[in-house]
Amino acid sequence: MPEGPELHLASLYVNKMCNGVVFTGLVKKSEVSKSPDVPFTCEAYRITAISRGKEVKLTLTPVKSDDVTWDSKAGLADQPMDIVFRFGMSGYFRVTSEEELPKHSHLRFYTKETPCRVLSFVDTRRFGSWEPSGTWQPGRGPCIMTEYKSFRENVTSHLSDRAFDRPICEVLLNQKYFSGIGNYLRAEILFRLSIPPFVPARTVLEGLESEDFWENEKPVKNELTDAKASKRAKQKKLKGETGDLLRLCHTVPLEVVSLGGKGYDPVKEDYSGFKAWLQCYYVDGMKSIRDHNGRTMWFKGDPGPMVPKSIQSASTKKKKVVKQQTGTKTPKKGKDVHVKKKASKRIKIDVNTPQHENKSSARRRKGSSAQPVDAGDILVFCQSETNAFVWSRNERIFNFNCPLCSSSETEWKIN
DNA sequence: CGTCCACGTCTAC
DNA sequence: TAGACCTGGACGG
């Protein structure tokens with residue numbers, strides 16, 4: 001599941017499934033989990049979710065009881081509790097019947113229905129975690145998707161930080177500045193702009209302004225000054241209308257959200273839409289190298305000057321670092337987890353074709369048939385704060401405020 | 001069967 | 001900056 005878009009999709013899923021549902025009793029943890037118990041027991045409570053970067057916060061809110069005093073004496077919750085989740089490599093939420101609990105369901109919330117249903121936090125590898133009465137983890141920066149403006153300012157105002165001495169591909173995984181970016185997103189984002197992954201981050205970022213000139217294509221209230229307008233025109237000319245690196249850190253993840261489904265999840269059927277969306281990560285013909293932390297960086301073309309030299313490196317295992325410097329790379333064997341069995345045939349074709357041509361067009365075709373989050377759901381941007389959410393048509397779409405900045409419906413734009 | 005790989009942190013030398 | 005923390009799918013022998 002787990003980069004920013006998957007966490008955001010998870011929060012949308014919880015809100016959709018739990019809308020109007022009353023939960024009851026204990027919050028149950030699996031035997032094997034090492035995360036803390038959740039000391040929350042309540043006769044009747046509701047669950048809502050919100051995401052920020054690579055965290056999801058569930059809020060358990062007791063439904064008004066007739067006798068609050070009795071409740072608290074009985075050890076039942078009368079106040080809301082937040083639980084903050086991190087998903088590790090494999091976390092997600094799922095609602096099922098009690099009989100169909102997913103394998104590796106590690107935290108469970110029971111509805112008050114008969115028969116009851118269960119909201120599970122499922123996490124195969126158990127790298128995920130939760131914190132009862134938790135807060136957003138300090139040190140993680142503003143969310144690339146839901147707090148774009150402050151994300152952008154946080155980066156542009158801290159470029160002197162030594163963190164930016166590193167190659168851009170490694171800095172993109174630093175959650176202090178790029179809260180929500182993960183391994184596939186860094187590849188996709190740098191690929192779109194043809195930025196070599198191992199270029200010093202500061203070099204890439206220092207030209208960028210705290211203000212985003214791509215925002216508000218047709219500014220309504222704030223007229224651009226002449227100077228700004230010409231700067232913007234110049235930049236757009238350079239980057240071909242797509243926006244700069246920081247803007248793509250916002251818009252590329254939002255593309256994944258708008259694809260719907262579950263995002264990155266090779267096991268599920270709805271993975272095909274996501275796979276078709278990928279242009280670089282794990283794509284046949286692309287190159288890959290282990291970065292200084294042992295994470296596989298997928299890219300095309302020049303790796304850049306800060307490419308790890310020490311052939312060995314990083315990872316737990318001592319594997320070769322440079323897998324293919326010679327152009328079109330065929331993802332190795334076990335590597336091609338995603339393509340499943342047709343891999344070998346496809347590899348041959350791709351290697352011998354001017355690659356990108358075919359791939360991306362094939363991709364786009366498939367991508368266009370990607371599922372929406374839910375039929376009728378709409379990706380909505382808040383113009384005043386540049387927040388973005390997917391909103392369900394079933395939820396009074398034309399009558400709401402931005403959860404983060406409270407701008408009214410008139411300031412929203414439907415994408 | 002064994003090896004390698006995976007969407008991410010953490011923490012101990 | 002190595003490991004540690006985990007499970008399981010793909011692939012090679």
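In the text below, chain A, chain B and the rest are named by the order of the sequence lines, each starting its count at 1.
- For residues 165-175 of chain A, the pairs satisfying salt bridge (Lys or Arg N to Asp or Glu O under 4.0 Å) are A:Arg162-A:Asp165, A:Asp165-A:Arg202, A:Arg166-A:Glu170, with sequence neighbours left out.
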Would you list the protein and nucleotides 11-13 of chain B atom pairs, both N or O, that sit under 3.5 Å from each other?
none

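- Contact check of residues 168-178 of chain A against DNA chain C (heavy atom, cut-off under 4.0 Å) returns no residues at all.
- Looking at residues two or more places apart in sequence or on another chain, you find a side-chain contact (heavy atoms from CB on, under 4.5 Å) between A:Arg192 and A:Leu248, A:Val252, A:Glu255, A:Trp277, A:Gln279.
- In this view, A:Phe164 and A:Tyr177 satisfy the ring pair (Phe, Tyr, Trp, His ring centres under 6.0 Å) rule, not counting sequence neighbours.
- For A:Glu113, the side-chain contact (heavy atoms from CB on, under 4.5 Å) partners two or more places apart in sequence, or in a different chain, are A:Val21, A:Thr111, A:Arg117.
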Please tabulate, for side-chain N and O atoms in residues 33-43 of chain A, each donor-acceptor pair with protein atoms closer than 3.5 Å (sequence neighbours left out).
residue : atom : partner  : partner atom : Å
A:Ser33 : OG   : A:Ser35  : N            : 3.1
A:Glu43 : OE2  : A:Lys112 : NZ           : 3.4

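- Residues forming a side-chain contact (heavy atoms from CB on, under 4.5 Å) with A:Thr61 (at least two apart in sequence, or on another chain): A:Thr59, A:Pro80.
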How would DNA chain B look in dot-bracket form, 5' to 3', counting Watson-Crick and G-U wobble pairs with both distances under 3.5 Å and writing | for bases paired to another strand?
||||||.|||||.

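- Evaluation of the side-chain contact (heavy atoms from CB on, under 4.5 Å) rule for A:Lys176 yields A:Asp161, A:Asn174 as partners, not counting sequence neighbours.
- For residues 127-138 of chain A, the set of pairs meeting the side-chain hydrogen bond (donor to acceptor under 3.5 Å, both in side chains) definition, not counting sequence neighbours, comprises A:Arg86-A:Gln137.
- A:Ser51 is linked by a side chain to side chain donor-acceptor pair (under 3.5 Å) to A:His8, counting only residues two or more places apart in sequence or in another chain.
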